[in-house]
Amino acid sequence: MVLSLYNTATRTVSEFRPITAGKVGIYLCGATVQAPPHIGHIRSGVNFDILRRWLAASGFDVTFIRNVTDIDDKILHKAVHESIPWWAVAMKYERAFTDAYKALNVLPPTYEPRATGHITQMVELMEILIEKGHAYAPGNGDVYLEVRTLSSYLTLSNQKLDDLLPAGDAEDRLKRDPRDFALWKASKPGEPSWPTPWGDGRPGWHLECSAMAQAYLGETFDIHGGGLDLIFPHHENEIAQSEAAGYGFANVWMHNAWVTTAGEKMSKSLGNSLQVQELIKKVRGIELRWYLGSAHYRSMLEFSFEALEESAVAFRRIEAFLDRSIGILGKTPEGIIASGFADAMNDDLAVPAALALLSETVKSGNNALAANDLVSLEVAVAEVRGTLGVLGCDPLDEAFLGSHPSNTDAIDGLISLALQQREAARARKDFAASDAIRDQIAALGIVIEDTPQGPRWQMTSGR
RNA sequence: GGUCGGAUGGCCGAGAGGCGAGGCUCAGGACUGCAAAUCCUGCUACACGGGUUCAAAUCCCGUUCCGACCUCCA
């Protein structure tokens, strides 16, 4: 079965055909670094990380570009508001995003270009657009793309130019058409600026992505991704710029759906509660990732703390299976890709279907464990690890080992002492004493399980 | 006004003409000194009204409700 992906441009699921056999170039619209990341932002990161991991697991050599837009109106506004330089604002939140990506085991991109590092490429792109008659500089320092000159526009969102609500702001008088959009903005006093043939200014919102995608992936590349809300205007305008310049641009457009609360799209005005840095105080990063990744990337994910906690419990069940099995096997099998899992992932990344299979595998693994069928158990563990690896949720991944709660030898030794006391009490059938020990240990957040191989312990609150 | 999604059991969440997705919760059972963990069993739904069909959660028509985008969004 070959990989098929949903393409927003065609509104269909179709076979993925790379431009160059065995290679994939992906451009993901990353953060505009003007606030800390909330789980909606990071869902996008997780969804496309799963895509990337699956492509890599399928044998593709993946070049993954995720940009940082480090100059825009909101960043400048925030700089004034916080009384710090705009570049300090950008760096502060870029770090917050980097921390969040790391906490959720989102792989670092192959390259992470910043908009301000690609002014040269933007100016070159504008020169091409002006030369081809698709852009103009009316003399005020701005540069606009003239949308009426395009042979096609708004193909991604399937809209008609005349159906758009009129923009109607007064400062647009220099535009030839009110729907022309700014490639470049003249700088106001006190704002950062870079010199161009049309005056000092700074990038408009969309130009950076066209310039950087071309710089790192070429004129035509395989996959362009981002959130649903980027379809219009951001991606339409990227297409407009790049195609007007004569580039083929992206072959496949993929868009992740939102995390919603109370049925509504999460907005930046929600406050701090759904920021990644807050949520990973409640659940571990691996559990938050599991939750965000468990819904299909094109489905809205209705956030609730109850659902998050429930999801984390389900994940711990799988984690506990791995923990138990590896203890019994005495070794850690490497992950393998089961064919059913591959089929699910090849079907437009059908993670929910993959998770249903994973549940079955864990169940059969537990049965193998009970039957002491180590051969079947090893296969099950390998399949579980293979699946979790692609999802970025393998607890044995070194990215998460630090958060693994039961790896401390000293604690293990101490608890073993207590467990020896309890075993002695059980042996003489002094259950009052043995239960007292178990209760005292439980009060510390450590659960005791008696197994045919002897007692084992696990932290329940060690996050 | 234009464009595009959605409504599935107590909860989460897939599926997209025909064999009960899966998980969580709950109830019962096995196992256990008692538990825990695990396994087994049970609960089995598709917003509403029409239509097509041998067969509709799925296709068509209509209705209701919810949401998104329309030039600062993941």
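All heavy atoms count here, side chains included; hydrogens, waters and symmetry mates do not. Every chain is numbered from 1, with letters handed out A, B, ... down the list of sequences.
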K.L.:
Given the C1' atoms of B:U3 and B:G51, what is the spacing between them in whole Å?
P.N.:
28 Å
K.L.:
What's the gap between B:C48 and B:C66 when it is taken at their C1' atoms, as a whole Å value?
P.N.:
15 Å
K.L.:
B:G23 base to A:E310 side chain: any donor-acceptor pair below 3.5 Å?
P.N.:
yes
K.L.:
Can you give one letter per nucleotide of nucleotides 30-40 of chain B, 5' to 3': B if a protein heavy atom sits under 4.0 Å from the base, S if only from the sugar-phosphate, - if neither?
P.N.:
---BBBBSSSS
K.L.:
Quantified in whole Å, what is the P atom distance between nucleotide B:C69 and nucleotide B:G28?
P.N.:
48 Å
K.L.:
So what's the dot-bracket for RNA chain B: Watson-Crick or G-U pairs under 3.5 Å, [ ] if a pair crosses, | if it pairs off-strand?
P.N.:
(((((((..(((.....[...))).(((((.......)))))....(((((..]....))))))))))))....
K.L.:
Salt-bridged, A:R114 to A:E94, with N to O below 4.0 Å?
P.N.:
yes
K.L.:
What interatomic distance, in whole Å, is found between C1' of B:A21 and the corresponding atom of B:C12?
P.N.:
14 Å
K.L.:
Can you name the salt bridge (Lys or Arg N to Asp or Glu O under 4.0 Å) partners of A:D72, sequence neighbours left out?
P.N.:
none
K.L.:
Tell me the salt bridge (charged side-chain N to carboxylate O under 4.0 Å, His left out) pairs involving residues 39-49 of chain A, sequence neighbours left out?
P.N.:
A:D49-A:R53, A:D49-A:R289
K.L.:
Would you mind telling me which of B:A74, B:C69, B:A14 lies closest to the side-chain atoms of A:F232?
P.N.:
B:C69
K.L.:
Below 6.0 angstrom between ring centroids: does that apply to A:Y144 and A:F181?
P.N.:
no
K.L.:
Which comes earlier along RNA chain B counting from the 5' end, the contact point of A:L357 or that of A:Y291, where each point is its nearest nucleotide?
P.N.:
A:Y291
K.L.:
Please identify each residue that fulfils salt bridge (Lys or Arg N to Asp or Glu O under 4.0 Å) with A:E236, with sequence neighbours left out.
P.N.:
none
K.L.:
Can you tell me how far P in B:G15 sits from the matching atom in B:A7, rounded to whole Å?
P.N.:
10 Å
K.L.:
Please state the C1' separation for the pair B:G67 and B:C59 - nearest whole angstrom.
P.N.:
25 Å
K.L.:
Taking the six-membered ring for Trp and the full ring for Phe, Tyr or His, determine whether the centres of A:H235 and A:H255 are under 6.0 Å apart.
P.N.:
yes
K.L.:
Between A:F249 and A:F221, is the gap from one ring center to the other below 6.0 Å?
P.N.:
yes
K.L.:
What about the rings of A:F341 and A:W54, do their centers lie closer together than 6.0 Å?
P.N.:
yes
K.L.:
With respect to the side chain of A:A314, which nucleotide from B:U71, B:G23, B:A74 is positioned closest?
P.N.:
B:G23
K.L.:
Return the orientation label for the A:H81 and A:H77 ring planes: parallel under 30°, perpendicular over 60°, tilted otherwise.
P.N.:
parallel
K.L.:
When the C1' atoms of B:A14 and B:G6 are compared, how many Å lie between them, rounded to an integer?
P.N.:
15 Å
K.L.:
Detail all sub-3.5 Å separations between protein N/O atoms and N/O atoms belonging to nucleotides 3-7 of chain B.
P.N.:
| residue | atom | partner | partner atom | Å |
| --- | --- | --- | --- | --- |
| B:U3 | O3' | A:N158 | ND2 | 3.4 |
| B:U3 | O2' | A:S157 | O | 2.6 |
| B:C4 | OP1 | A:N158 | ND2 | 3.0 |

